[in-house]
Amino acid sequence: MSFFDTSLADVPGIGPRRADVLAKAGLNTAMDLVRHYPRRYLDRSTVSRVADLREDTGEATVVGTVKTSNLVGGKGRARFELMIEDGDGGRMKAVWFQGAQWIGRQFKKGDRIAFHGKVQKFGSSFSFTHPDFDKLGGEGAALDTGRIIPLYPGGAALDKVGLTSRAMRRLIYRLFKEHGLELPPDPFSQKVVDHYGLVDGRVALRAIHFPKSSEELEAATNRLKFEELFYLQLLLALTRQVRDDQPGVVLGKPGALTKRFLTEVLPFDLTGAQKQTLRDIVVDTQSGRQMNRLVQGDVGSGKTVVAVAAILQAVDNGFQGSFMAPTEILAEQHYANLTKYLEPLGLKVHLLVGGQRKKLREEILGELADGTAHVCVGTHALIEDNVEFQRLGMTVVDEQHRFGVMQRARMFDKGERPHMLLMTATPIPRSLAMTLYGDLDVSLMREMPKGRKPIETAVRMEKRRGEVYAFVKEQLREGGQAYVVYPLVEESEKLDLKDAESGFEELTELFRPYRVELVHGRMLAYEKEEAMQRFKDKEADILVATTVIEVGVDVPNASIMVIEHAERFGLSQLHQLRGRVGRGDRQSYCILMTDYKRSAEAVERLEAMARTNDGFEISEIDLKIRGAGDIFGTRQSGLPALKIANLTTDVELVGQAREAAFALVKSDPKLEHADHAGIRSAYNASYKGKGLGLLRVG
Ligand code: ADP
Ligand code: MG
């Protein structure tokens, strides 16, 4: 046991009170503290003088002394303003509109503060709005000597026990000074260190806190990012290894049923991308290992047909298939489609969702267990413990991005290990795919069925609503159908948004005698289903909906979609919604209704929608607009959070870390080698207590 395993309460100079507060911030051992990286650095090259700011400076850090502070305006509309002065007599303002009262208590005259944020110019003076800030103690002085000063993530609780940035820096400095030699040696082999040009792990840890130069800081950051990404990729490599170790069902080749489906039942030929994906599946299912394949194809690329063919390959070989969807509406719809496709082939298809009558449910479960039923479509209800198949050979999971990585690991873990075919219509940039889908094989379907006409998209302001409605009427007159989508279910006075219910009433009046239906998230499942069905059967011409129709809904005759308050939707959501039209022979349209009150980002999103129909391009634009943030964040994916690396910007490092981690697992699948003991214990330590027990090694 190294000193760095010592609990912080036992480290001299910390004491139980501070240790408590640190524990709440997730820091328990001395090692946790050295791995508590600075969130920002100050030195002469990163700090700006007010005199050097310009209108187009963008983000900047300014260190200044508080001259005056003012709480302006009354309760509810209060604003807090600081006037600060930098070392050269330059002055600027910092302003807060939110939390003004609380913020106001944080500063007093004479405080030295580092502000960080976007610089704006009003009249002749510069100002920060809601800047990030760090209070500097004696750090300010060091700045004048040209040192690089680390600033640590702070917070009221830490401040209260005196754990300011400055105190934290001293504490960490002492750990290195007194115990630096006891840090565990770099677990990476010389080969890896050389190959990826990494600095030594211990050197990097020290330099991330106390860099002697910006070059040294960069090398340390690079090394620690690599390390973090490496352990994440190792998690994926091991997940995969554990699965690959298990024998999978060996399926024979597709047989008579598959052939009849493709040639007699389907009224069209497969696209090249569909054929290629089916070939990938045939290879996987005969490898002796469990298939774990993700089909990544844009909305409308025809993933369902691929899934049905995969299920038929299983049935051809005496197995059953299951098809899981994230919502009941989607499950119902797939059930209807699969019944239509498979009954002519003499197969029995069931639907399993929550809330079914006990008797019906038991009947279905009975037929799955004794093999009378060939295929079962359903929601999460399908992976409940009491659902047993006689011989499940193929499981399809539609719209898989709705399920997180760890949820996926659990699905794979279920009993008999059928082949898994996962489908997603959310195109994501490659760097993210390597991580979020890092444990899967991927088939890309970048081709649309022939004869599709690209959807025409337009942005329209409120004042042109009359025109828009006239255009919708014209579409209806020509036999088409329309979606009108609203962002919220209930009326909210505050946001002044039209909600689906009042929109429904209004449109029913306006569009008489055309028939209007309504679906929203608050309706009961059967009500939604009936309304959808009436729209599908063309008993209704307009479907007013909230985003419940976002995924998968397939009504090829629908040719126009109007999205209300389009500025409120994210880019990938808009793209998913738009994918509900343009599914048949008709020229289709998407109209994005908006008004002038919208952010610059919203304008960019709407313009991107009008410019392109390509989901991959849209995902790249989304990435650019939202920048380095936690977009398809690891949070929602269920993966452990990253402290220093960034999946969207550290693209090259993700690739390198992946290569290194997969090579390691290939050479030593259980990390048993003595040479890998360091990596094994660091891996186990980084995921300790994160609920990843099933993937623990050693
Ligand atoms: P998604 O990939 O979004 O799930 P679907 O599987 O719902 O797409 O298919 C969209 C529509 O395209 C459906 O109406 C389907 O019948 C049709 N389709 C699928 N493949 C082809 C094809 N090869 N040629 C023509 N139409 C196709
Ligand atoms: Mg689909």
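Counting starts at 1 for both ligands and their atoms, in listed order.
Within the listing of ligand 1, atoms 23 (N) sit less than 4.0 angstrom from a heavy atom of Thr271. Under a 4.0 Å criterion applied to the non-hydrogen atoms of Asp269, ligand 1 contributes the atoms 22 (C), 23 (N), 24 (N). Close approach of ligand 1 to Thr304 (heavy-atom distance below 4.0 Å) involves ligand atoms 4 (O), 5 (P), 6 (O), 7 (O). Taking every heavy atom of Leu270 and a limit of under 4.0 angstrom, the matching atoms of ligand 1 come to 23 (N).
Checked against the 6.0 Å centroid threshold, Phe504 and Tyr486 do not count as a close aromatic pair. If you look at Tyr483 and Phe535, their ring centroids are closer than 6.0 Å.
Residue Lys450 does not touch ligand 1, judged by heavy-atom distances below 4.0 Å. Under 4.0 angstrom from ligand 1, there are no non-hydrogen atoms of Met448.
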Evaluation steps, ring pair (Phe, Tyr, Trp, His ring centres under 6.0 Å), between Tyr469 and Phe511: CA-CA 9 Å; Tyr469 283 170; Phe511 280 81; 5.4 Å; yes
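By the 4.0 Å heavy-atom criterion, Met423 is excluded from the residues contacting ligand 1.
For ligand 1, the polar-atom distance check finds an N/O of Gly302 within less than 3.5 Å of one of the ligand's N/O atoms. Remark: ligand 1 and Gly300 share an N or O pair separated by less than 3.5 Å (distance only, no angle test).
Side-chain contact between Ser443 and Arg293 is present, with at least one heavy-atom pair separated by less than 4.5 Å.
Sorted by first and then second residue, the pairs that involve residues 249-266 and meet salt bridge (Lys or Arg N to Asp or Glu O under 4.0 Å), not counting sequence neighbours, are Arg260-Glu264. Residue pairs meeting the salt bridge (Lys or Arg N to Asp or Glu O under 4.0 Å) criterion with at least one member in residues 365-379, sequence neighbours excluded, are Lys348-Glu367.
Between His334 and Phe323, the two ring planes are tilted [angle within 30° to 60°].
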